[in-house]
Enquirer: 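The structure under discussion is supplied below as structure tokens; questions concerning it will follow.
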Amino acid sequence: MTTENYVSELRWTLSDIATIARRNILTLVRIPTSLVFAIIQPIMFVLLFRYVFSGSINIPAGTYVNYLIPGILVQTTIFGAVGTAIGLAEDLQRGLIERFRALPMARSAVLAGRTISDVLRNIMIVVVITGVGFAVGFRPHGGFFPYIEACLLMLLFAYCLSWGFAFIGLAAPNSETAQAMTFPLIFPLTFASSIFVAINNMPGWLQVFARNQPVSQAANAVRALMLGYPVGNSVWVTLLWAAGALILLAPLATRRYRQAA
Amino acid sequence: MTDFAVECDNIVRTFRVGEVRALDGVSLRVPKGQVFGLLGPNGSGKTTMVRILSTILKPNSGTAKVMGFDVVKDAESVRKTIGMAGQYATVDENLTGFENIVMIGRLTHLTKKVARRRANELLEQFGLTDAGNRSVKTYSGGMRRRLDLGASLVSQPPLLFLDEPTTGLDPQSRQDLWGVIEQLIEGGTTVLLTTQYLEEADRLASQLVVLDHGKIIAEGTPPELKAQLGTTVLALTFESLEDAQKGGDIVKSLSDKPIHTEGSTVELTVDSGPATAAEAIRRIDAATIKLKGLALREPSLDDVFLSLTGHTTEVGDVNLAASTSQVSKG
């Protein structure tokens with residue numbers, strides 16, 4: 001193939017990804033209820049932990065609201081990946097993916113377009129939750145740029161993880177099952193972590209898991225960046241987890257896409 | 001360059017590790033510029049065939065070429081030359097009709113400008129201009145099928161796969177869609193049509209193969225297939241189911257083809273209609289059974305299918321039931 005052909009192919013691949021991502025965003029905007037609930041759910045978490053549980057949760061230092069909001073942001077971006085699974089399962093169920101597979105479009109575009117549009121949705125939710133956080137007393141002292149850095153880190157982390165959820169979406173027989181299949185994965189990862197509570201208060205056996213699992217690392221890194229604490233290795237470890245997840249899960253999902261029908 | 005839009009040899013495709021042989025050695029030659037019908041009941045392998053030819057599925061064995069391109073080795077080229085409209089009307093409910101066609105156009109690598117122009121043309125062609133900016137959610141079943149068909153034509157493909165285009169549509173929408181498809185055919189598009197409706201195959205297709213359990217059991221033009229039967233169908237309607245059974249036994253020997261009983265109506269395919277009818281009446285009279293009605297008609301493709309497979313196209317199908325009841329009245 002000539003260089004010109006490669007350039008043209010790359011251009012169409014990007015165009016295909018943009019077309020699919022645009023279509024997903026339009027879908028999201030057209031069903032306002034799903035968007036509203038995607039935002040309401042994390043707000044409920046903020047209010048629940050800020051006002052109901054905060055008095056009963058011991059954290060090592062600082063106020064609980066400052067501990068909580070970076071955690072909730074990480075949790076919310078990961079929960080966004082459930083939408084990735086549901087969206088793909090729905091497209092598959094409705095026969096849209098079948099139609100796409102008979103088109104001369106890039107094979108990677110359906111998955112890339114889906115995961116990218118879900119990042120855009122996550123960005124919007126991060127902005128909203130940051131606002132809600134400030135309203136309930138969140139005062140990060142890490143500075144503006146580390147805050148942005150923290151947001152980029154968790155969006156990247158969630159993006160890489162979402163390829164695993166894309167695989168689930170393609171493997172599930174329908175969208176309801178896809179959603180149910182994500183829970184056994186997402187609950188231990190987000191709740192047995194440093195997102196809401198200090199790991200030191202967990203039973204010993206659980207601490208081993210909670211301390212070492214990727215979501216805790218991401219939560220620690222994001223929290224340290226936002227609050228201006230020393231980050232230690234957490235940023236690097238999070239990036240490594242993200243890269244590992246992408247390298248392992250993206251080919252898995254892509255392979256599944258080729259087979260799915 | 002080949003004269004065939006589709007050439008395939010000995011296609012075998014199994015599902016669930018060989019348990020189900022969806023296609024069991026199918027060979028096809030679809031000439032360019034005509035409507036070729038794949039006729040068969042649910043589960044006969046029609047859709048599997050279309051999915052293989054449209055590169056969605058790979059065959060286990062056998063070769064298939066679409067417009068001269070191998071569906072496995074040169075799938076990309078095949079995808080560029082085909083359009084596909086499916087039985088499930090795979091359009092995106094949350095987009096408008098216009099957006100749907102533009103999306104498919106963009107994904108077939110038309111420029112934005114061309115995709116939009118084609119979308120407007122197709123919406124007009126399929127009578128959807130007024131609905132073009134409405135969410136597909138608000139469309140009726142017939143409108144969705146028309147949009148699906150429109151979207152599949154956005155890149156003006158020389159070959160179009162129509163997989164059960166009217167399954168599940170009400171009779172009026174079905175008539176409308178047939179009209180639309182007939183216009184396409186006049187425009188010279190080659191169409192591979194799958195259907196379980198014999199009436200549809202008879203009306204649209206110039207060449208037919210009949211599939212049953214993944215095998216081709218007959219091929220030819222609709223008149224040729226009809227000619228494989230006797231020239232006339234004799235339908236005898238009795239007053240009760242019991243009489244129909246007795247009557248059926250009495251007249252069975254008048255035809256060398258299997259007889260078909262539907263409710264209290266018995267149907268035979270025969271070569272000489274009037275003479276056989278007279279003989280049937282004599283025998284029934286002699287047995288003192290009462291005849292409620294008698295009709296002679298040309299065989300339909302329903303009869304063809306029945307005589308080839310021993311079963312009707314789709315048991316309990318509303319349209320088939322409707323056409324059968326008309327027959328017994330006539």
Side-chain angles (χ1 to χ4, degrees), chain A residues 1 5 7-35 83 86-88 90-114 117 170 174-175 255 257-261, chain B residues 13 15 47-48 50-58 66 69 71 74-96 98-100 102-112 115 134-138 144 148 151-152 154-155 157 159-161 163:
Chain A
M1 216 188 272
N5 283 347
V7 171
S8 153
E9 195 171 298
L10 182 68
R11 201 170 67 88
W12 280 121
T13 301
L14 294 177
S15 158
D16 291 344
I17 293 172
T19 303
I20 296 290
R22 198 182 111 81
R23 169 252 167 186
N24 294 341
I25 296 290
L26 277 177
T27 306
L28 196 68
V29 178
R30 295 281 159 78
I31 320 175
T33 45
S34 75
L35 193 61
I86 295 173
L88 281 170
E90 267 175 6
D91 288 350
L92 196 61
Q93 206 176 343
R94 290 208 204 117
L96 268 168
I97 287 189
E98 178 131 338
R99 166 160 246 164
F100 291 150
R101 277 151 50 94
L103 292 176
M105 62 188 284
R107 303 324 261 160
S108 54
V110 171
L111 293 180
R114 166 63 63 186
S117 59
L170 292 172
N174 53 53
S175 57
R255 220 176 75 110
Y257 176 76
R258 284 174 201 276
Q259 292 164 349
Chain B
R13 171 71 205 203
F15 288 107
T47 297
T48 306
V50 168
R51 291 172 77 202
I52 285 174
L53 294 176
S54 57
T55 77
I56 292 169
L57 270 185
K58 288 193 175 102
V66 169
F69 302 113
V71 294
D74 207 355
E76 192 64 27
S77 302
V78 172
R79 290 184 203 118
K80 283 180 185 156
T81 62
I82 60 167
M84 195 168 97
Q87 58 181 313
Y88 304 110
T90 44
V91 285
D92 192 331
E93 300 208 309
N94 300 309
L95 302 185
T96 66
F98 180 79
E99 286 164 346
N100 261 290
V102 171
M103 176 176 75
I104 300 295
R106 293 290 286 147
L107 295 174
T108 358
H109 298 173
L110 300 179
T111 63
K112 245 178 227 166
R134 259 176 28 213
S135 161
V136 172
K137 247 185 224 142
T138 65
R144 282 174 196 227
D148 181 41
S152 71
V154 67
S155 63
L159 173 63
L160 181 65
F161 295 123
D163 189 19

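Predicted model, so just to flag it, every value in this text is computed and none were measured. Heavy atoms only: backbone and side chains are in, while hydrogens, waters and symmetry mates are out. Within every chain, numbering begins at 1; the chains are lettered A, B, ... in the order of the sequence lines, protein sequences first and strands thereafter.
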Enquirer: Tell me whether the count of non-hydrogen atoms from other residues, nucleotides or ligands lying under 6.0 Å of NZ in Lys137(B) goes above 12.
Expert: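 Counting other residues, nucleotides and ligands, NZ of Lys137(B) exceeds 12 neighbours.
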Enquirer: Which atoms of Ile31(A) are under 4.5 Å from chain B, going by heavy atoms: the side chain, the backbone, both sets, or neither?
Expert: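 It is the side chain, since no backbone atom gets that close.
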Enquirer: Apply side-chain contact (heavy atoms from CB on, under 4.5 Å) to residues Ile20(A) and Leu107(B) and explain how you reach the verdict.
Expert: CA-CA 9 Å; Ile20(A) 296 290; Leu107(B) 295 174; 3.9 Å; yes
Enquirer: Does the side chain of Asp91(A) reach to within under 4.5 Å of the side chain of Asp92(B), using non-hydrogen atoms?
Expert: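 With C-beta onward as the side chain, the pair stays apart.
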Enquirer: Rounded to the nearest 0.5 Å, what separation is found between the CD atom of Glu9(A) and the NE2 atom of His109(B)?
Expert: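 Result: 9.0 Å between the selected atoms.
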Enquirer: Can you list the residues that meet the side-chain hydrogen bond (donor to acceptor under 3.5 Å, both in side chains) rule with Lys58(B), with sequence neighbours excluded?
Expert: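 Once residues adjacent in sequence are excluded, Lys58(B) has no partner under the side-chain hydrogen bond (donor to acceptor under 3.5 Å, both in side chains) criterion.
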Enquirer: Who are the side-chain hydrogen bond (donor to acceptor under 3.5 Å, both in side chains) partners of Arg30(A), not counting sequence neighbours?
Expert: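 Arg30(A) satisfies side-chain hydrogen bond (donor to acceptor under 3.5 Å, both in side chains) with Glu99(B) once adjacent residues are dropped.
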Enquirer: Please round to the nearest 0.5 Å and tell me the distance separating atom CD of Glu98(A) and atom CZ of Arg51(B).
Expert: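 Separation between the atoms: 4.0 Å.
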Enquirer: At what distance, to the nearest 0.5 angstrom, does CH2 of Trp12(A) lie from OG1 of Thr108(B)?
Expert: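 Reported value, rounded in 0.5 Å steps: 9.0 Å.
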Enquirer: Please confirm whether the backbone N or O of Arg101(A) pairs with a side-chain atom of Arg79(B), one donor and one acceptor, at under 3.5 Å?
Expert: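 Yes, the answer is positive, given that a donor and an acceptor are paired below the 3.5 Å cut-off.
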Enquirer: Donor-acceptor check, side chain of Arg106(B) to backbone of Ala18(A), threshold 3.5 angstrom: yes or no?
Expert: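 Checked: no pair found.
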Enquirer: Less than 4.5 Å to any heavy atom of chain A: does that hold for the side chain of Ser155(B), its backbone, both, or neither?
Expert: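 Neither; nothing under 4.5 Å.
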Enquirer: Can you say whether Thr27(A) sits under 4.5 Å from chain B via the side chain, the backbone, both, or neither, judging by heavy atoms?
Expert: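 The answer is both parts of Thr27(A).
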Enquirer: Drop me the distance from Leu96(A)'s CG to Asn100(B)'s CG, to the nearest 0.5 angstrom.
Expert: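 Between atom CG of Leu96(A) and atom CG of Asn100(B) there are 8.0 Å.
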Enquirer: Is it the side chain or the backbone of Ala151(B) that comes within 4.5 Å of chain A heavy atoms, both, or neither?
Expert: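 Its backbone and side chain both get close to chain A.
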Enquirer: Between atom CE of Met105(A) and atom CD of Glu76(B), what is the distance when rounded to the nearest 0.5 Å?
Expert: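 Taking CE in Met105(A) and CD in Glu76(B), the distance rounds to 10.5 Å.
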